[in-house]
Amino acid sequence: RDALEAVSNKGFYYTDFITGKLIHSLQNAHSGNHTAAVAIAELTDREKDFLHLVCTELTYIDIAKEMFLSAKTIDGYRNTLFDKFGVRSRTGLALFAVRNGLVPL
């Protein structure tokens with residue numbers, strides 16, 4: 001009965017479960033932006049350099065040569081940024097950088 005009245009009056013009806021999911025999703029989206037802002041603010045200069053190079057066509061080995069670092073150090077930068085930004089791939093890292101204005105298109 002409540003559902004029919006809601007649809008009639010508002011044009012839609014959400015169960016308490018769905019409403020809770022929506023609220024939870026909005027809260028997580030807000031805290032995710034805060035977390036990203038903190039992670040961006042805490043980037044070191046070398047991480048920023050690495051991030052710019054990740055958004056090129058260079059391989060990780062080429063990035064290591066460009067930055068005068070070992071491949072293992074580059075792997076460390078990559079894994080640290082994956083954790084900081086909550087991404088799982090180089091593509092995700094590049095998208096995050098572009099979306100957040102860290103690397104211009």
Side-chain angles (χ1 to χ4, degrees):
R1 180 175 184 181
D2 291 336
L4 291 174
E5 286 178 15
V7 170
S8 175
N9 294 332
K10 298 185 252 178
F12 61 90
Y13 170 75
Y14 295 126
T15 65
D16 290 339
F17 175 75
I18 295 298
T19 303
K21 285 285 193 186
L22 288 170
I23 290 170
H24 180 73
S25 175
L26 290 172
Q27 288 172 337
N28 284 345
H30 175 68
S31 67
N33 289 340
H34 176 70
T35 303
V38 170
I40 290 168
E42 294 177 347
L43 284 176
T44 67
D45 289 339
R46 294 297 275 170
E47 288 173 334
K48 289 176 188 175
D49 293 341
F50 173 74
L51 199 52
H52 282 274
L53 293 171
V54 162
C55 295
T56 67
E57 293 186 15
L58 295 175
T59 66
Y60 285 124
I61 292 172
D62 293 335
I63 291 171
K65 289 176 185 175
E66 182 79 18
M67 293 181 73
F68 302 102
L69 297 171
S70 73
K72 287 190 181 238
T73 302
I74 292 301
D75 288 345
Y77 279 126
R78 182 193 63 223
N79 293 335
T80 298
L81 292 178
F82 281 0
D83 290 341
K84 281 186 179 183
F85 299 147
V87 297
R88 297 181 295 176
S89 68
R90 182 176 182 163
T91 303
L93 195 57
L95 286 171
F96 182 91
V98 171
R99 285 181 183 152
N100 289 282
L102 297 169
V103 176
L105 282 178

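- Linking Ile, Leu, Val, Met, Phe, Trp and Tyr whenever their side-chain heavy atoms come within less than 4.5 Å puts Tyr60 and Leu51 in one cluster.
- Of all non-hydrogen atoms in Ile74 and Met67, the two that sit nearest each other are CD1-SD, 4.0 Å.
- Residues Leu81 and Leu43 meet the side-chain proximity criterion, which asks for heavy atoms closer than 4.5 Å.
- The shortest non-hydrogen separation linking Ser70 to Thr73 is OG-OG1, 2.9 Å.
- Atom CG of Leu53 and atom OG1 of Thr59 lie 11.0 Å apart (nearest 0.5 Å).
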Might you work through the salt bridge (charged side-chain N to carboxylate O under 4.0 Å, His left out) test for Lys72 and Asp75, ending with a clear yes or no? CA-CA 5 Å; Lys72 287 190 181 238; Asp75 288 345; over 6 Å; no
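- What you find for Cys55 and Ala97 is that their closest heavy atoms are SG-CB, 4.1 Å.
- Residue pairs meeting the ring-ring contact (aromatic ring centres under 6.0 Å, His included) criterion with at least one member in residues 64-105, sequence neighbours excluded: Phe50-Tyr77, Phe85-Phe96.
- Counting only residues at least two apart or in different chains, salt bridge (Lys or Arg N to Asp or Glu O under 4.0 Å) contacts with residues 46-66 comprise Glu47-Lys84.
- Counting only residues at least two apart or on different chains, no salt bridge (Lys or Arg N to Asp or Glu O under 4.0 Å) pair has a member in residues 86-105.
- Judged by distance alone, the side chain of Thr80 and the main-chain N or O of Gly76 form a donor-acceptor pair under 3.5 Å.
- For Leu58 against Ile63, the heavy-atom pair with the smallest separation is CB-CG1, 3.9 Å.
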